Enquirer: 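Shown below is the structure under consideration.
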Amino acid sequence: MNRRMLLSSGRHLLASAGLLATFEGVRLQALTGIARSLSSAAAASPSEASDKLHVCVVGSGPAGFYTVDRLLKRYGDKVHVSILDRLPTPFGLVRSGVAPDHQDTKNVINQFGALAGDPRVSFFGNVLVGRDVALQELRQLHHAVVLAYGAESDRRLGVPGEEGPGVLSAREFVWWYNGHPDARHLPVDLSQVESVAICGIGNVALDCARALLAPAARFQPTDMAGHALRQLAGGSAVRRVHLVARRGPVQAACTPKELKELLTECGVTAATSAPDQLDVSAADAAEMKATRLKRRVHELVSKAAAAGGGSGPCGVRELVFDFYRNPVEVVRGGPGGAVSGLKVERTVVQPGPGGGAPVAVGSGEFSVLPCQLVLKSIGYKSLPLEGVAFDSRRGVVPNLEGRVLKALAAAAPAAAADLDSGLYVVGWLKRGPTGIIGTNLVDAEETAGSLLADAPALLQAHGAAAGGRQGLAGLAALLQSRRVRAVEWGRWRVLDEAEVAAGRAEGRVREKVTEVADMLSICGV
């Protein structure tokens, strides 16, 4: 077995082959010590199963883990929680969504890891609800099921030319550079791209711009996926990024901290596409006076545009703010229909109906921003699950304080008869894709509170006298009977240690494995 941790100079680490070969010894040692295997879980006694409140959480991102935390703290030893995730890896958005150069934000996985290691919690990765197990089966095995699978789709621009190569959602691009298996093989070739148009100016848009414009050395020590780092370091031709926003800088959705990071730490030259885009209207002035953060965003953009250059080591790359511009068409004038530009309409911001938020109205004046890649950063969107009511307009599961409704509620407030008893929802699937990681803590508190308030009735309806719920024992037995290659917590830790060890050998936080087959091989399932 090849135990060398360093590859020869100038060669990149081949994550799939390298990890599989280098860490075989680590894998075998760790697997030997895994105590809570599927077989032991399946052998749990009936009395153990009937005495507890059995909860299944579908999704292992922040919303799911915060819900687990609330349940354990408020129900003690009288609860057992099984967590399912469709990927072999846990942590959802923290692993695949948080920017690689924001490692401090990812420290929350230490808290989540401690929760997953609690004997009252079981984790099953690589288990997809609807493929490996039906939602109805989960409900029959548990007193309560909490849906926490987040938002894995995107809002559309709805413009001509949107479909086809050269147009990606920001989520897809973020997944690509973060090593999400679903995005590992996206057709991203930055050697053919000099200019990128990003539709939107929230923090995710800034993350994408930073990845494209900052020196690759910024990401070398991080856990950015190896395939992305190699492109950024040696193959990217990107020299300009347009941030396209329908409204002005005062209405920008980004936060000052992230904007300042992009403008002052990444060596970019900043500009606006027209001088009047920083003009302050009376309405803007009122907003800036009322909200310090809005004033700060305007100040940062104005200062950067006036300076016309970055203070970092690579000021040749340019960030262009295109405020008051609404995308109306992806122009495909390149070879074979390749993207050649983004057609935009100049907008005018007017007061919203009834004194609401300002709205952007088209002026009939058009222009084209030359670009070879368009990223859509206009919002994530959750996907429906068979057997669960879904509000397709808002992209959420209709609920009352986290209790799932049987159908979309009418004008009248939901009543008890409208509730889908024993089914709950939390996170973006519950409220929409808003807030930061910590927002899910408050959200989980509400959903867990509703579940625990219902617990006596759920236990009475499905307690030992009524046949009970098998919980973990029944779930483990079902997965085994179907030969599902489930990754339980101890086996995930094998992969985790392998990634960290491989990263350490390269002077990085970790080297992510990006293929599910390789993940399962390293985990030994």
Side-chain angles (χ1 to χ4, degrees), residues 57-64 84-99 125-132 135 146-188 197-205 207-208 225 244 253 327 330 373-399 404 408 423 425-437 439-440 443 514 516:
V57 175
V58 180
S60 67
L84 304 185
D85 200 290
R86 71 177 183 89
L87 293 178
T89 56
F91 308 135
L93 185 68
V94 181
R95 179 177 169 99
S96 62
V98 174
N126 198 45
V127 177
L128 177 61
V129 176
R131 178 193 67 190
D132 302 311
L135 174 62
V146 182
L147 303 177
Y149 58 81
E152 295 194 332
S153 185
D154 314 278
R155 292 177 57 193
R156 291 174 45 81
L157 288 173
V159 302
E162 180 176 5
E163 300 297 328
V167 179
L168 298 171
S169 70
R171 172 191 60 81
E172 290 174 313
F173 187 68
V174 169
W175 278 11
W176 175 76
Y177 68 62
N178 268 328
H180 192 293
D182 288 4
R184 171 63 179 88
H185 297 289
L186 280 179
V188 177
I198 303 177
C199 303
I201 192 170
N203 284 344
V204 175
D207 286 344
C208 293
V244 183
V330 176
L373 175 64
V374 175
L375 300 180
K376 303 175 294 182
S377 187
I378 56 174
Y380 288 59
K381 186 177 180 181
S382 296
L383 296 171
L385 182 64
E386 185 177 357
V388 181
F390 191 73
D391 184 340
S392 57
R393 183 182 65 83
R394 296 179 56 216
V396 299
V397 169
N399 68 92
V404 172
L408 288 178
L423 191 60
V425 64
V426 70
W428 283 2
L429 187 62
K430 171 186 174 184
R431 68 179 188 275
T434 61
I436 59 176
I437 289 177
T439 308
N440 292 291
D443 194 281
T514 59
V516 169

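FYI, the numbering just counts along the sequence from 1. Treat the numbers as computed from the prediction; the structure is a model and nothing was measured. Heavy-atom basis, side chains included; hydrogens, waters and symmetry copies ignored.
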Enquirer: Closest heavy-atom contact between Tyr380 and Pro433?
Expert: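 For Tyr380 and Pro433, the tightest heavy-atom pair comes out as O-CG, 3.2 Å.
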Enquirer: Got a donor-acceptor contact below 3.5 angstrom from the Asp391 side chain to the Pro398 backbone?
Expert: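 Judged by distance alone, no pair lies under 3.5 Å.
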Enquirer: Do Glu386 and Val129 have side-chain heavy atoms sitting under 4.5 Å apart?
Expert: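 Of all side-chain heavy-atom pairs linking Val129 with Glu386, none is under 4.5 Å.
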Enquirer: Keeping the roles fixed (side chain from Asn178, backbone from Ser96), state whether a donor-acceptor pair exists under 3.5 Å.
Expert: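 Confirmed, Asn178 side chain pairs with Ser96 backbone.
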Enquirer: Any carboxylate oxygen within less than 4.0 angstrom of a Lys/Arg side-chain nitrogen, looking at Lys376 and Asp154?
Expert: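 Salt bridge absent between Lys376 and Asp154.
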Enquirer: What distance do Ser392 atom OG and Lys381 atom NZ have between them, rounded to the nearest 0.5 Å?
Expert: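 Nearest 0.5 Å value for the OG-NZ distance: 6.5 Å.
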Enquirer: Return the CZ to CD1 distance between Phe91 and Ile437, rounded to the nearest 0.5 Å.
Expert: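 The distance works out to 11.5 Å.
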Enquirer: Could you pull out the closest heavy-atom pair between Lys430 and Val425, with the gap in Å?
Expert: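 Smallest interatomic distance, heavy atoms only, reads CD-O, 3.4 Å.
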Enquirer: Sort out for me which residue in Val388, Val426, Leu423 forms a side-chain contact (heavy atoms from CB on, under 4.5 Å) with Val397.
Expert: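 Output: one option passes, namely Val388.
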Enquirer: Do the side chains of Asn203 and Ile436 get nearer than 4.5 Å, heavy atoms only?
Expert: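 No, side chains not in contact.
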Enquirer: Restricting to non-hydrogen atoms, name the atom on Asp443 and the atom on Gly427 that form the minimum distance, rounded to 0.1 Å.
Expert: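 Distance-wise, the nearest heavy atoms are OD1-N, 3.0 Å.
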Enquirer: Looking at Arg155, I want to see if its CZ is surrounded by more than 12 non-hydrogen atoms of other residues, nucleotides or ligands under 6.0 Å.
Expert: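 Counting neighbours around CZ of Arg155, 12 or fewer heavy atoms of other residues, nucleotides or ligands fall under 6.0 Å, so no.
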Enquirer: At their closest point, which heavy atom of Phe173 faces which heavy atom of Leu375, and how far apart are they?
Expert: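 Here Phe173 and Leu375 meet closest at CD2-CD1, 3.9 Å.
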Enquirer: Can you check whether Leu429 reaches Phe390 side chain to side chain, under 4.5 Å on heavy atoms?
Expert: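 Leu429 vs Phe390: side chains touch.
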Enquirer: With heavy-atom distances below 4.5 Å as the criterion, would you say the side chains of Ile378 and Leu157 are in contact?
Expert: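 They are in side-chain contact.
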Enquirer: Checking the side chain of Trp175 only, and the main-chain atoms of Gly97 only, is there a donor and an acceptor separated by less than 3.5 Å?
Expert: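 A pair under 3.5 Å: no.
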Enquirer: Please report the closest heavy-atom contact between Val396 and Arg431, naming both atoms and the distance.
Expert: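 What the structure gives for the nearest pair is CG1-C, 3.9 Å.
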Enquirer: Is any side-chain heavy atom of His180 closer than 4.5 Å to a side-chain heavy atom of Leu87?
Expert: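 Result yes, sub-4.5 Å side-chain heavy-atom pair found.
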Enquirer: Do Leu147 and Leu135 have side chains that get closer than 4.5 Å, going by heavy atoms?
Expert: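 Contact flag for Leu147/Leu135 side chains = yes.
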Enquirer: Taking all non-hydrogen atoms of both residues, which atom of Gly161 and which atom of Val330 are closest, and how far apart?
Expert: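 So the two residues come closest at O-CB, 3.4 Å.
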Enquirer: Using modelled atom types only, decide if a donor and an acceptor are shared between the side chain of Tyr149 and the backbone of Leu383 within a distance under 3.5 Å.
Expert: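 Checking the backbone N and O of Leu383 against the side chain of Tyr149, a donor-acceptor pair under 3.5 Å is found.
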Enquirer: Side chains of Leu168 and Trp176: closer than 4.5 Å at any heavy-atom pair?
Expert: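 Not in contact.
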Enquirer: Side chains of Pro327 and Cys199, heavy atoms from C-beta outward: is any pair under 4.5 Å?
Expert: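 Yes, close enough: below the 4.5 Å cut-off.
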Enquirer: I'd like to know if the side chain of Asp85 reaches the main chain of Pro90, judged simply by a donor and an acceptor atom lying under 3.5 Å from each other, with no hydrogens or angles considered.
Expert: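 Checking the backbone N and O of Pro90 against the side chain of Asp85, no donor-acceptor pair under 3.5 Å is found.
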Enquirer: Regarding Arg86 and Asp182, does a basic nitrogen lie under 4.0 Å from an acidic carboxylate oxygen?
Expert: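 So Arg86 pairs with Asp182 through a salt bridge.
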Enquirer: May I ask you to decide if Gly150's main-chain N or O and Ser382's side chain share a donor-acceptor pair within less than 3.5 Å?
Expert: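 Checked: pair present.
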